[in-house]
Amino acid sequence: MLADNGEYAAAEREFAAARLGNPGSLAIETDHGWALWMAGREEEGKAKLRAVLARNPDFAEAWNDLVLTTLV
């Protein structure tokens, strides 16, 4: 929600903390990819989403986010 509200620095801090508590989480990495895209770091965000899908091609949320970043 922080990234959705434009609070990108705060969002980055929370993603870092979340990864410490749950390293390797597909959900966290997917949300981070979306947040990067929202912050204008479009290619980095898309790359993170593609990396999630490389690890688990059936992870629907990553597909959803990647499609949305492509359509906008």
Side-chain angles (χ1 to χ4, degrees):
M1 295 307 303
L2 291 168
D4 289 343
N5 290 326
E7 299 177 51
Y8 305 119
E12 281 298 318
R13 286 191 302 274
E14 293 301 320
F15 280 116
R19 282 193 298 270
L20 287 174
N22 194 356
S25 167
L26 294 174
I28 292 169
E29 293 306 309
T30 297
D31 286 349
H32 189 220
W34 177 259
L36 290 168
W37 183 81
M38 291 285 296
R41 296 163 60 182
E42 296 174 7
E43 290 308 313
E44 188 179 356
K46 288 180 182 182
K48 186 169 282 275
L49 294 169
R50 286 190 294 269
V52 168
L53 291 169
R55 288 177 39 213
N56 185 338
D58 295 326
F59 197 65
E61 186 61 29
W63 279 114
N64 182 63
D65 288 357
L66 187 59
V67 167
L68 289 173
T69 64
T70 302
L71 292 175
V72 173

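Everything numeric in this text was worked out from a predicted model, so none of it was measured. Throughout, residue positions are numbered sequentially from 1 according to the sequence presented.
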Closest approach of [X] and [Y], non-hydrogen atoms and distance?
| X | Y | result |
| --- | --- | --- |
| L53 | A62 | CD2-CB, 3.7 Å |
| Y8 | M38 | OH-O, 3.0 Å |
| W63 | P57 | NE1-O, 2.7 Å |
| D65 | T30 | OD2-CG2, 3.4 Å |
| A11 | A3 | CB-N, 3.8 Å |

[atom2] on [Y] to [atom1] on [X], rounded to 0.5 Å:
| X | Y | atom1 | atom2 | answer |
| --- | --- | --- | --- | --- |
| I28 | F15 | CD1 | CZ | 8.5 Å |
| F59 | E29 | CZ | CD | 10.5 Å |
| E14 | L2 | CD | CG | 6.0 Å |

Give the intermediate values and the outcome of side-chain contact (heavy atoms from CB on, under 4.5 Å) for residues D4 and W34.
CA-CA 9 Å; D4 289 343; W34 177 259; 3.5 Å; yes
Is the backbone of D58 close enough, under 3.5 Å, to the side chain of N56 for a donor and an acceptor to pair up by distance?
yes
Look at the side chain of T69 and the backbone N and O of L66, then say whether any donor-acceptor pair between them is shorter than 3.5 Å.
yes
[Y] side chain reached by [X] side chain, heavy atoms, under 4.5 Å:
| X | Y | value |
| --- | --- | --- |
| R19 | H32 | yes |
| N64 | E61 | yes |
| E12 | L36 | yes |

